[in-house]
2 protein chains.
Amino acid sequence: MPTRLSNYFLRTLREDPSDAEVTSHRLLVRAGYIRRQAPGIFAWLPLGLRVKGKIEAIIREEMAAAGAHEVHFPALLPREPYEVTGRWEEYGDALFRVKDRKGSDMLLAPTHEEAFTLLVKDLYNSYKDLPLSIYQIQDKYRDEARSRGGLLRGREFTMKDAYSFDHTDAGLDASYQAQRDAYERIFTRLGLEYVIVKADAGAMGGSKSEEFLHPTPVGEDTFVRSAGGYAANVEAFTTVAPPTRSSEKLTPAEVLDTPDSATIEALVERANSAHPRPDGRSWTAADTLKNVVLALTHPDGSRELVVVGLPGDREVDMKRVEVAFGPAEVEPANEADFARLDKLDGHPGLVKGYIGPWSADGAVLGEESTTGIRFLVDPRVVDGTGWITGANVHGKHVFGLVAGRDFQPDGTVEAAEVRAGDPAPDGSGPVELARGMEIGHVFQLGRKYAEALGLKVLDENGKLVTVTMGSYGIGVTRALAVIAELNNDAKGLIWPEAVSPFDVQVIATGRDEVVFDVSEIVVAAIEATGREVLYDDRRKVSPGVKFGDAELIGIPNLVIVGRGAADGIVEFWDRKTGEREQVAVADVAARLG
Amino acid sequence: MPTRLSNYFLRTLREDPSDAEVTSHRLLVRAGYIRRQAPGIFAWLPLGLRVKGKIEAIIREEMAAAGAHEVHFPALLPREPYEVTGRWEEYGDALFRVKDRKGSDMLLAPTHEEAFTLLVKDLYNSYKDLPLSIYQIQDKYRDEARSRGGLLRGREFTMKDAYSFDHTDAGLDASYQAQRDAYERIFTRLGLEYVIVKADAGAMGGSKSEEFLHPTPVGEDTFVRSAGGYAANVEAFTTVAPPTRSSEKLTPAEVLDTPDSATIEALVERANSAHPRPDGRSWTAADTLKNVVLALTHPDGSRELVVVGLPGDREVDMKRVEVAFGPAEVEPANEADFARLDKLDGHPGLVKGYIGPWSADGAVLGEESTTGIRFLVDPRVVDGTGWITGANVHGKHVFGLVAGRDFQPDGTVEAAEVRAGDPAPDGSGPVELARGMEIGHVFQLGRKYAEALGLKVLDENGKLVTVTMGSYGIGVTRALAVIAELNNDAKGLIWPEAVSPFDVQVIATGRDEVVFDVSEIVVAAIEATGREVLYDDRRKVSPGVKFGDAELIGIPNLVIVGRGAADGIVEFWDRKTGEREQVAVADVAARLG
C-alpha cells in the first residue's frame, strides 16, 4: 500500500522559518520533516522519522557486521556513577540535572560510559566473556550554551553509542579497529565524505581518539591536514618545536623605553623606530613574546590565574587552550584578576600591557619566581631563543630576553593558533586548514572508567585484571542534518537513495479519472519491485504546487502521471538532474531496474 | 545468520533478584532481558530489546491499519504549554521537572497532549485536513511515589500514545472507535485477555474514557462487571440511588445517650442494647450515617476540609474519592484539622466520634449551615431516609434523623466502596469485583486541550471551530511485563510466538563435532523458512545448563541436536507442554510448518 499524500500528515511551508541558521534546518522544516519544540529540541514528523529510521537501519546492519550487540539504556540515570568518574562535575552546565520526588540527584545522560561499565561488571567476570562490543541507538541530552544550526547541535539528539570491553591492550586495538572500519562503511553508505583526524579525548578521558569529520564550511570544527596524510583537529595538533640553541654568544638583555606600546603592533612599530635591530632587519611580531593571562575555573570551583607566553604573531586559540587545561574552564582574565596581579605579595607585580617573566627586581614568572602563578609557554619558546617582552614597568620592554638564560618557564602549553603552513608533527609536510563537522568519534578510553567503577575480570592465570574500554559514537540526527546540508538545491532537498524517506514519488496531475486510474497501476507496478512509494493523489491541488512540493521533499525518483496517461505514457523525472523522460506504463518497473 | 549464544551478550542468573516483587520482574532479570538502573528505571539487554521490538512492530502495523501516522516527540519539553492546560501543577510530584542552564523550566513529558495539539495547530487550519490520527512510540517519565513490580509501573517507560483530531463530535466518535478497534486487535495478537471498562478521565480531563484491563490478581486496579455486560473500574462506577421517600409519617428525631460509641461497631451494639428498634429488628451498621472528614489539597496549595456522609456499613474508598475530588489530593483529616473543627467560629463544633450534620443548636453541616464546610453524602442518602448519626455532643447520637427533613446535604459524592452484589448502574444486574492491570486507555478528551491552546480550524461554512480530540495510550513495556506474568512456569518464561525474541532455539549438546555440524544444517534449514534462530553453540557448557537456560529464556520452539545427530535425528521440544519428539534432520523445516 502506498502512502497517499491526500491524507498524509504533512504540510510544506512556502517561507523559510525565521529561526533557521543553516540550510538543513531551513529545508527540513519547510519540507515538513521536523518541527522545533524548544531551543535545540525537535519533533519528528512522518517524513523525518522515515529518514531517521533508514539511517538507523544502516547503522544497525554495520554494528551487527562488527559483532556488536544492541541494548538500550534509560536516559534518566542516577548521579552516583557519574560522581565516581568525576563527570557529574566535569560536564558543568552542559549536564541536565534532575531531582526526583525523594530528592535524589539524577541526570539526563550525555553519554553512557558509566552505565555500560556497570552493566558489564554486573554480568561478566572472566576474560572468556571478552571481547565484547555493545551499543544502543538512543536519545541523549546536552544543555548546550548555544544550540544552533537546527539538528547540527541539538540539546536532545539521537546517538549511536557503542562500547567495547577487552582485557588486553591488543584486544582494545582490535575492537577499536572493528568499530572504526564499521564507521567507514556506514559513512560511505550514507554518502558522507569524511576525514579521520586525530582528536583530543576531552572530558571522556582515555588515550587514543579519532574523529570522523565531514569537510564542510558550516562545520564548527577546524582541522588540519598535510599532503603526506597527517590529519588532526586543531585541538589535537601538536606544535613542532625548533631545536634549542646555545645562548653563549647572545648579548645581555636590556630594558628599553617603549611608551604607548601595550599592543604587539604598537610595540613592533616603536621598536623599529626607536631601537632598530642590530642586524639591520626589521623587528616583527614573531620577535616578541606575548604574555596572556588566563583564568581557569577548576571543577572544584577554585579559580587559578595562569600566564601563557607565545610568539607575538600568534593568537591564543581558546579551543586549544580549553583542551590543554581541561577539565578546567578557561576565560581571559578580567579587570579584577589584573588588579590582583598588580600587587603580588612580596614581588614586583605584573603590569598590564607590559607583562613579562622578568623584571629588574628578579624573576616574576617561571621556575625561579615564587609568585605561585604558573607560566607556560608555546613549544616554540625553546632554550636559547631571545625575545622582546614586557619588563613589568609601564612603558618599558626588555629586549633580548633569552629563554633558559634569563627566564625559566614552568612548562609548555598548546595554546597558539595553528596556521596553514605549520609543519605536521609527523614530518609529513606543511598543513592546510579546513572546517569540518564531527559525524563520528572513536575513543580508546583505556582503563579509566573500569578502574573508577571496579570492572575487573579473571585473566588466563586466574588473576583479576582491570578491563580496558573503547567508546564509539555517531550522532544520528546530526548525520541526517549533514546529509541534508550536502544534498539540496535552490528548490529543496535531494535525498541519496539509501536514506530517502520513500524510493519513488508518483505524482498524478490533471483532473481526468484516467490519470488516477493509471497512477494506481503505476504505483502497484513500482511496489511490486519492493520499492516504497509516496503517491501524490491530491485532487484539488495544481500540478505546479505538486511539483513544488515534490522538489522540496526531495525524493530522488519522481514519476509524473499526466496528459499522456490515456496513451499509456508517464514521465520519469530525475530530481537531481531535472531530466525528464517518457516511459510506457508497461515499462515502468523495468525502467527502475 | 543465527545469533550464537557463544558470543551473545547474555548471562542468566541462578538466583532470583532480591528486589523483585512480581514474577515478570524476577524472570526477566534472571533470564537476562532487563537490568534495573534505578528504582523504576531499567536497561534493556539484547533479548529484552527484541521482545519489545516485536510488540512495537505489532502496534505499528495496527496503528497503520487504523490510519494513524507515526511521529516522534522529544521527552524534554518546555513548561509553558503544560502551564496553560494546568497540568504543570496538577501532576504534582509525579512530574520530573528540569531547569536548563538559562533557568527555563522544562519537564520530562508524562504524556504529550499539549505538544501534539500545538503541532497540529502549527500545521493545519481547515476541516479538510481532518480527521487526523497521529501517534508515537516513545519513552515517558512519571516520578511514581512507589515504583514497584518491575516494568509494571516504571518511572521511565515506553508508551504508544496516539491522538486524534476532528472538527465534529461524530468525527471524534469515529476516530475513537478506530483506535478502540485497533486496541482490540493489538491485545488479541499479543495474546492478552482484556476487559474494556468505563473509566474516569482523571487528570486528562475530557468526557468519555475506557480502560483495557487485563484481569489478573497482581493488577493494581479493581473493576466491576455484571453478567449483563456492564464493566467499569471502581473509580468510574456510579451508585444506584434508591427512590426518595416521603418523610410525612416518620417520627421526629431524638437525641439519645450513646456513651463510648465513637466507632460504628460500638454504636450499633449500644443502640441495640439501650435503644432497641421499635419494629423489633436489630439496628445494623447500614442504619447509621458515618461522617468522615477529608482534607483536600487543591492545585493552588489551599487546604479544604470536607465532610462525607455515608452508610455506616461502607468504608470510604480513597481511590474513588480521589477521582471524585480530583485534581485535588485527598487525605483523611489529621488531629490539627479536627482541632479546627472543634471550635467553628459562631457555630457548635464537630465532635470527633460524634460528628453529624445536625445539633440541638441548629444545622452544623449542609445547606442550612454557615460553617462553609461542604457536606457531601453517598447517593444512597436520599430524601426521606432516616439515620442514626452523631449529635455533635460527646457520648450522644441522634436517632431517626431524616435526610431532606432534618438536614440538607450540599450534594452527593461517589466515595463509598463498591461491593460485589451492588447493582450495575445500567440495570444489567449485580456486579462482581475483580482485579486488573491497565494495559490500554482510550479517552475522548473533547475540546479541553484545543481550547486551552487555541487549536481551531475553519469549518465548511468558513467559521472557526475548536477541534475535538482523543488520546489513546498503550504501555508497551507494561504490556511486555503482563505477557511475561501470564506466560511462565516454575522453570522460566514461555513466550507466545508473536513476541518471542527468536522463533526457534537450537541447542547443540555433546562433544562430537558431528553434533555441531548437524546443528549448522538444522539452523540453516530453519532460517530458510524465514524464522529467526538463537543457536546455543557453547562448547564447554553441559546439556543440563543449556536446557536450564533454554527453559528460563522461554523461546517456545526448541530443537535439541545431540546423541541422534550422527543418525540424522534431532529432537523437537515444546517449551510449553514439555513434550519431545524425534524428527529427521531432513524433515525439520516441514515439521515447523
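Quick caveat: nothing in here was measured; it's all calculated off a predicted structure. Proteins get letters first, then strands, A, B, ... in listed order; numbering begins at 1 in each.
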Check your understanding: Within the distance-only criterion (no hydrogens, no angle test), does the side chain of B:D143 pair as donor or acceptor with the backbone N or O of A:R101 below 3.5 angstrom?
Key ->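 Yes.
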Practice item. Mark yes or no for whether B:E156, through its side chain, and A:A75, through its backbone, hold a donor-acceptor pair below 3.5 Å. Key: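 Side chain of B:E156 to backbone of A:A75: a pair is present.
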What part of [X] gets within 4.5 angstrom of chain A, counting heavy atoms only: side chain, backbone, both, or neither?
X	answer
B:F42	backbone
B:D139	side chain
B:R155	side chain
B:L123	both
B:Q136	neither
B:L108	side chain

Separation of [Y] [atom2] from [X] [atom1] (nearest 0.5 Å):
X	Y	atom1	atom2	answer
B:K128	A:K540	NZ	NZ	6.0 Å
A:R146	B:K102	CZ	NZ	8.5 Å
B:H69	A:Y8	NE2	OH	7.5 Å

Point to revise | Closest-packed option against chain B by number of heavy-atom pairs under 4.5 Å, given A:D129, A:L77, A:L118 | key: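 Highest number of heavy-atom pairs under 4.5 Å: A:D129.
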Check your understanding: If you count heavy-atom pairs under 4.5 Å between each of A:N7, A:V98, A:L76 and chain B, which one has the most?
Key ->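 Option with the greatest count: A:L76.
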**Study point:** chain A contacts, top residue of B:G67, B:S104, B:G48, B:A43 (heavy-atom pairs, under 4.5 Å)
**Key:**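 The option with the most such pairs is B:A43.
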Point to revise | Which of B:P46, B:G32, B:P81, B:P74 touches chain A most, by non-hydrogen pairs under 4.5 Å | key: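 Looking at each of B:P46, B:G32, B:P81, B:P74 in turn, B:P74 comes out on top.
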Review point. Which heavy atom in A:P78 sits nearest to a heavy atom in B:A38, and how many Å separate them?
Key: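 That would be CD-CB, 4.1 Å.
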Practice item. For residues A:D100 and B:D93, determine if any side-chain heavy atom of one lies less than 4.5 Å from a side-chain heavy atom of the other. Key: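 In short, these two side chains do not touch, never coming nearer than 4.5 Å.
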Check your understanding: Going by heavy atoms in the side chains, are B:D122 and A:R35 under 4.5 Å from each other?
Key ->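 Counting from C-beta outward, B:D122 and A:R35 do come under 4.5 Å.
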**Study point:** Stepwise side chain to side chain contact (heavy atoms under 4.5 Å, CB included) check, B:I41 with A:M106
**Key:** CA-CA 11 Å; B:I41 297 178; A:M106 306 189 77; 3.6 Å; yes
Review point. More than 12 non-hydrogen atoms from neighbouring residues, nucleotides or ligands closer than 6.0 Å to CD on B:E329, yes or no?
Key: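 No, not enclosed.
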Exercise for review: Please report the C-alpha distance between A:L45 and B:L119 in whole Å, then the side-chain angles of each, then the deciding distance to 0.1 Å, and finally whether the side chain to side chain contact (heavy atoms under 4.5 Å, CB included) criterion is met.
Suggested key: CA-CA 10 Å; A:L45 307 194; B:L119 178 66; 3.6 Å; yes
Exercise for review: Would you please indicate if the ring centroids of B:F9 and A:Y124 are separated by under 6.0 Å?
Suggested key: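 Under 6.0 Å, so yes.
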